[in-house]
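Working notes for the structure below.
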Amino acid sequence: LRRNITSTNTSKKDRLWPVLFQWKNVWQGASMEIRENSIRACAARLPQGEGYLALSYVLDTTPGALRAKADSLLPPEALERYEAIVARRLHGEPLQYAIGQWEFYGHLFAVDRRALIPRPETERLVEIVLDEGVGGQAVADIGTGTGAIALSIALEAQPAPSVVYATDLSREALDLAKENATALLQPARAGMVKWIEGDGPSVLPEAVDVLLSNPPYIDPMHKKNLQAELSYEPSSALFAGAAGKGGVALYEAWIPQLSTVLKPRGRVFFEIGDDQGEAVADLFRAEGFAEVAILQDYTGRDRMVRARRIV
């Protein structure tokens with residue numbers, strides 16, 4: 001009888017062990033999948049904090065909030081979107097394009113290869129103009145790209161300007177800017193922004209009180225030394241003039257035009273390369289502009305030139 005019981009128990013164990021082993025493998029696999037789908041694990045798939053930054057856009061929160069709950073799991077739809085971002089980023093595409101949107105002056109702008117990615121130094125340009133005030137004035141943004149400058153002024157200026165002209169040589173860039181305007185502007189201010197396809201300040205339909213621009217200013221001779229991901233951005237929005245000429249070609253072309261497109265006492269603000277301040281300032285002085293000043297960005301580098309038309 002004992003032999004029969006032992007034999008029966010052994011037979012049950014023989015049948016049970018494969019089942020237990022199978023369930024162990026299933027549990028281990030599920031556990032591994034859970035760990036791989038945690039915020040911490042997903043964020044680690046991109047270097048230098050980019051993972052948390054990308055996830056903050058996917059989940060509409062902040063990188064700091066995500067680090068505080070790093071062991072939480074990503075929802076399936078968020079995981080799917082994040083995996084697409086990772087694939088594009090690891091292929092070399094700029095993080096901003098991979099995400100498809102980027103914050104500028106507190107607002108989310110759609111970004112893609114139709115226009116230059118908005119950068120923090122340009123936020124400083126907008127901040128300076130808003131601090132000086134544009135209430136009731138006509139403003140122009142030359143080379144608007146995503147519309148970041150024009151729309152930020154239309155959104156943030158208190159009191160509001162009377163009109164904001166936004167120009168670009170690229171029809172594709174203007175289409176992107178208009179998409180951002182539709183997403184960001186309330187009806188009360190939507191009609192304030194006027195879109196113009198054309199090259200430089202001369203396309204403006206009237207003289208303005210304030211003119212801003214972040215024009216192309218990189219010397220083409222530096223192209224081979226720049227980050228590879230810049231190749232994804234429109235070269236026409238990055239490089240100016242012939243190689244070896246300092247990247248100041250558009251300033252040389254545009255500054256002589258400003259006396260006809262700025263009202264008397266009108267102000268102009270140009271973003272510049274950090275080694276171009278004196279060269280651009282001299283161009284303004286040569287055209288008789290007053291109050292010429294080289295201004296710095298958030299890192300303390302020369303990044304803008306401001307000037308005023310005298311008469």
Side-chain angles (χ1 to χ4, degrees), residues 46-50 53-54 57 84-105 107-126 141-152 166-181 183-184 195 197-200 212-251 253-254 270-276 297-299 301 303-304:
L46 290 176
Q48 299 177 345
E50 287 189 358
L53 186 56
Y57 280 89
I85 291 171
V86 169
R88 292 174 65 176
R89 180 62 178 134
L90 294 181
H91 191 261
E93 196 168 358
L95 180 64
Q96 296 91 333
Y97 286 164
I99 294 171
Q101 56 184 181
W102 201 246
E103 184 177 338
F104 181 90
Y105 216 81
H107 301 281
L108 280 181
F109 286 81
V111 294
D112 59 36
R113 296 183 69 171
R114 289 175 286 179
L116 194 73
I117 297 165
R119 288 166 166 82
E121 47 266 35
T122 308
E123 288 183 307
R124 177 63 178 145
L125 177 68
V126 170
D141 170 25
I142 308 300
T144 195
T146 61
I149 292 175
L151 294 175
S152 295
T167 82
D168 207 289
L169 181 62
S170 165
R171 180 173 298 180
E172 290 77 16
L174 278 179
D175 288 342
L176 176 59
K178 291 175 184 178
E179 292 166 18
N180 281 320
L184 293 171
W195 308 100
E197 182 181 348
D199 186 16
L212 307 86
S213 183
N214 175 22
Y217 55 69
I218 301 176
D219 189 322
M221 71 178 290
H222 299 307
K223 185 180 295 188
K224 62 181 179 297
N225 300 322
L226 297 175
Q227 294 170 298
E229 63 189 44
L230 285 175
S231 65
Y232 286 84
E233 298 188 71
S235 60
S236 60
L238 290 167
F239 302 102
K245 298 297 184 180
V248 295
L250 287 182
Y251 305 113
W254 289 0
F270 278 158
E271 187 170 320
I272 59 168
D274 60 8
D275 61 348
Q276 296 170 331
D297 62 18
Y298 295 119
T299 68
R301 295 182 177 182
R303 189 60 66 182
M304 290 144 278

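- Going from atom CD of Gln96 over to atom CG of Leu116 covers 10.0 Å, rounded to the nearest 0.5 Å.
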>> Tyr217 vs Phe270, test: side-chain contact (heavy atoms from CB on, under 4.5 Å). Steps then yes/no.
In response: CA-CA 10 Å; Tyr217 55 69; Phe270 278 158; over 6 Å; no

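- Scanning both residues, Arg113 and Pro234, for their nearest heavy atoms gives O-CG, 3.5 Å.
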> side-chain contact (heavy atoms from CB on, under 4.5 Å) between Ile218 and Leu226: does it pass, once the steps are laid out?
Replying inline: CA-CA 10 Å; Ile218 301 176; Leu226 297 175; 4.1 Å; yes

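- The backbone N or O of Ala228 lies less than 3.5 Å from a partner atom in the side chain of Ser231, making a donor-acceptor pair.
- One distance of note links CG of Leu108 with CG of Asn180; it measures 9.5 Å at 0.5 Å rounding.
- Remark: Glu50 CD to Ile85 CD1 distance equals 11.0 Å, nearest 0.5 Å.
- How far CH2 of Trp195 is from NZ of Lys178: 8.0 Å, rounded to the nearest 0.5 Å.
- Two residues are said to be in side-chain contact when any heavy atoms from C-beta on lie closer than 4.5 Å; Thr146 and Asp112 fail this criterion.
- Aromatic ring pairs are classed by plane angle as parallel below 30°, tilted from 30° to 60° and perpendicular above 60°; the pair Phe104 and Phe109 is perpendicular.
- Residue Ala150 comes nearest to Asp141 through the heavy atom pair N-OD2, 3.4 Å, listed as atom of the first residue, atom of the second, then distance.
- Considering all non-hydrogen atoms of both residues, Gly246 and Asp219 come closest at N-OD2, 2.8 Å.
- A distance-only check finds no donor-acceptor pair linking the side chain of Glu121 to the backbone of Arg303 [under 3.5 Å].
- The backbone N or O of Pro94 sits nowhere less than 3.5 Å from a side-chain atom of Glu229 that would complete a donor-acceptor pair.
- Between Ile99 and Ala54 the shortest heavy-atom distance is CD1-CA, 3.8 Å.
- Side-chain contact annotation: Thr299 with Asp297, donor-acceptor N/O pair under 3.5 Å present.
- With a 4.5 Å cut-off on side-chain heavy atoms, Tyr97 and Ile117 count as touching.
- Judged by distance alone, the side chain of Asp168 and the main-chain N or O of Thr144 form a donor-acceptor pair under 3.5 Å.
- Looking only at distances, no side-chain donor or acceptor of Asp199 sits under 3.5 Å from a matching main-chain atom of Leu169.
- Glu93 contributes no side-chain N or O that, together with a main-chain N or O of Tyr232, makes up a donor-acceptor pair within less than 3.5 Å.
- What you find for Pro220 and Gly241 is that their closest heavy atoms are CG-O, 3.2 Å.
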> How far apart are the C-alpha atoms of Leu90 and Leu46, what are their side-chain angles, what is the distance that settles it, and do they pass the side-chain contact (heavy atoms from CB on, under 4.5 Å) test?
Replying inline: CA-CA 8 Å; Leu90 294 181; Leu46 290 176; 3.9 Å; yes

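- Gln101 and Tyr57 share no side-chain donor-acceptor pair at under 3.5 Å.
- Contact check on Arg114 versus Glu179 returns a salt bridge, with a Lys/Arg side-chain nitrogen under 4.0 Å from an Asp/Glu carboxylate oxygen.
- With Ser213 contributing its side chain and Ile142 its backbone, the two residues share a donor-acceptor pair below 3.5 Å.
- Taking the side chain as every heavy atom from C-beta outward, His107 and Leu151 never approach each other to under 4.5 Å.
- Within the 3.5 Å criterion, the main-chain N or O of Glu197 finds no donor-acceptor partner in the side chain of Arg171.
- Looking at every heavy atom in both residues, Arg88 comes nearest to Ala98 through NH1-O, 3.7 Å.
- Between Arg301 atom CZ and Arg124 atom CZ the span is 15.5 Å, to the nearest 0.5 Å.
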